[in-house]
**Q** 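Quick one: this structure, given as structure tokens, is what I'll be asking you about.
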Amino acid sequence: MECIVEEIRAAVVWSCQLARQRGSHCVVLAGWSAGGHLVTQALMPGSGQELPDNTDTSLYKDIIRGVVTVSGVFDLRPLVNTYVNAPLHLTERSAWKLSPLASVKELGRAWSPLSILVTVGQHDSPEFKRQSEEFCQECVKAGLKAEYLEVELADHFSITEDLSKEDFSLTQRLISFLKTCDHMHKTKLPTKA
């Protein structure tokens, strides 16, 4: 699992480098389900160790303006005793270490004033809803600009399938969120923690 997080960090760094080369001034990361976990975990500071430049997302604080999670996973511990863990080999300890909820305070210290939109479907499972709400609350406590949005009538799959509909409430909220993040480029942010 740590290798997957490192791969996502490298992909975020590559994307930010490309965005800078093309003159972009705003990058918003987004992920659905496990992707919600990965995009938030990719921003987490290394556990006391220096990250190589090709995976150090903190070098892009000037361009990464927001994160959108859609029915994300923020606590991996409930997966430990399920079939999902078979290829991951997580223990309770490693699952918590790799959970965004475990290090949200560090995220707040490293990435303030990052904007985070935490979304979940009305008909998502109670666990997805609990984790999303708790993650958003902890982000606010950590000083991040976080918003929780429960999308009416959506389930774990329709919440992404319906994004192609212009009148879908989440589509409208995402457009507004992107505009807000884009306007943040006028605010000078530090480039290194």
Side-chain angles (χ1 to χ4, degrees), residues 8 12 15-16 19 24-45 57-58 60-76 78 99-190 193:
I8 297 303
V12 169
S15 299
C16 289
S24 295
H25 54 264
C26 178
V27 171
V28 174
L29 306 177
W32 168 69
S33 198
H37 161 265
L38 290 170
V39 295
T40 52
Q41 198 63 20
L43 297 180
M44 296 296 178
T57 55
S58 71
Y60 300 91
K61 288 182 184 182
D62 63 320
I63 196 169
I64 297 174
R65 302 287 185 207
V67 174
V68 177
T69 65
V70 181
S71 300
V73 180
F74 306 103
D75 181 352
L76 298 179
S99 296
L101 272 169
S103 47
V104 72
K105 289 177 185 173
E106 289 82 7
L107 181 68
R109 282 192 288 273
W111 284 90
S112 182
L114 185 70
S115 294
I116 301 179
L117 178 60
V118 182
T119 69
V120 67
Q122 176 185 5
H123 300 295
D124 252 313
S125 73
E127 186 63 17
F128 277 107
K129 291 166 85 169
R130 179 197 69 78
Q131 288 192 25
S132 293
E133 191 168 11
E134 184 178 348
F135 181 69
C136 184
Q137 289 169 354
E138 292 301 316
C139 284
V140 170
K141 287 180 191 174
L144 298 164
K145 297 176 189 175
E147 175 189 347
Y148 175 80
L149 176 65
E150 185 173 306
V151 182
E152 288 186 24
L153 305 177
D155 61 35
H156 195 70
F157 300 99
S158 68
I159 197 167
T160 57
E161 292 168 356
D162 290 345
L163 284 172
S164 65
K165 299 175 183 173
E166 290 182 28
D167 61 344
F168 182 47
S169 63
L170 182 54
T171 303
Q172 294 301 311
R173 182 62 192 102
L174 286 175
I175 291 169
S176 174
F177 183 78
L178 293 171
K179 287 178 180 177
T180 300
C181 290
D182 185 47
H183 286 104
M184 287 177 58
H185 80 273
K186 295 175 183 170
T187 306
K188 183 133 174 97
L189 297 177

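Residue numbers count from 1 along this sequence.
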**Q** Would you say the side chains of D62 and H25 form a donor-acceptor pair under 3.5 Å?
**A**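 Side chains of D62 and H25: no pair found under 3.5 Å.
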
**Q** What's the separation between atom CG in D167 and atom CD in Q172, rounded to the nearest 0.5 Å?
**A** 7.5 Å

**Q** Taking atom CD1 of I175 and atom CG of L170, what is their separation to the nearest 0.5 Å?
**A** 10.0 Å

**Q** So, for H37 and V73, which heavy atoms are closest and what is the spacing to 0.1 Å?
**A**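 So the minimum-distance heavy-atom pair works out to CB-O, 2.9 Å.
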
**Q** Picking from D162, L174, L153, what satisfies side chain to side chain contact (heavy atoms under 4.5 Å, CB included) with F168?
**A**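 Single pass found, and it is D162.
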
**Q** Where do K129 and Q122 come nearest, in terms of heavy atoms and distance?
**A**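 So the minimum-distance heavy-atom pair works out to NZ-O, 2.8 Å.
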
**Q** If I take atom CG from residue L114 and atom CG from residue L43, how far apart are they, to the nearest 0.5 angstrom?
**A**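 Here the interatomic distance stands at 6.5 Å.
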
**Q** Could you measure the distance from the CD1 atom of I64 to the SG atom of C181? Nearest 0.5 Å is fine.
**A** 11.5 Å

**Q** Evaluate the criterion ring pair (Phe, Tyr, Trp, His ring centres under 6.0 Å) for residue pair F128 and H156; output intermediate values, then yes/no.
**A** CA-CA 9 Å; F128 277 107; H156 195 70; 4.3 Å; yes

**Q** Say you draw a straight line from CG of D75 to CD of E127; how long is it, rounded to the nearest 0.5 Å?
**A**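 Answer rounded to 0.5 Å: 7.0 Å.
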
**Q** For R130 and E134, run salt bridge (charged side-chain N to carboxylate O under 4.0 Å, His left out): C-alpha distance rounded to whole Å, both residues' side-chain angles, the deciding distance at 0.1 Å, then the answer.
**A** CA-CA 6 Å; R130 179 197 69 78; E134 184 178 348; 2.6 Å; yes

**Q** Any idea which heavy atoms bring I159 and W32 closest together, and the distance?
**A** CG2-NE1, 4.1 Å

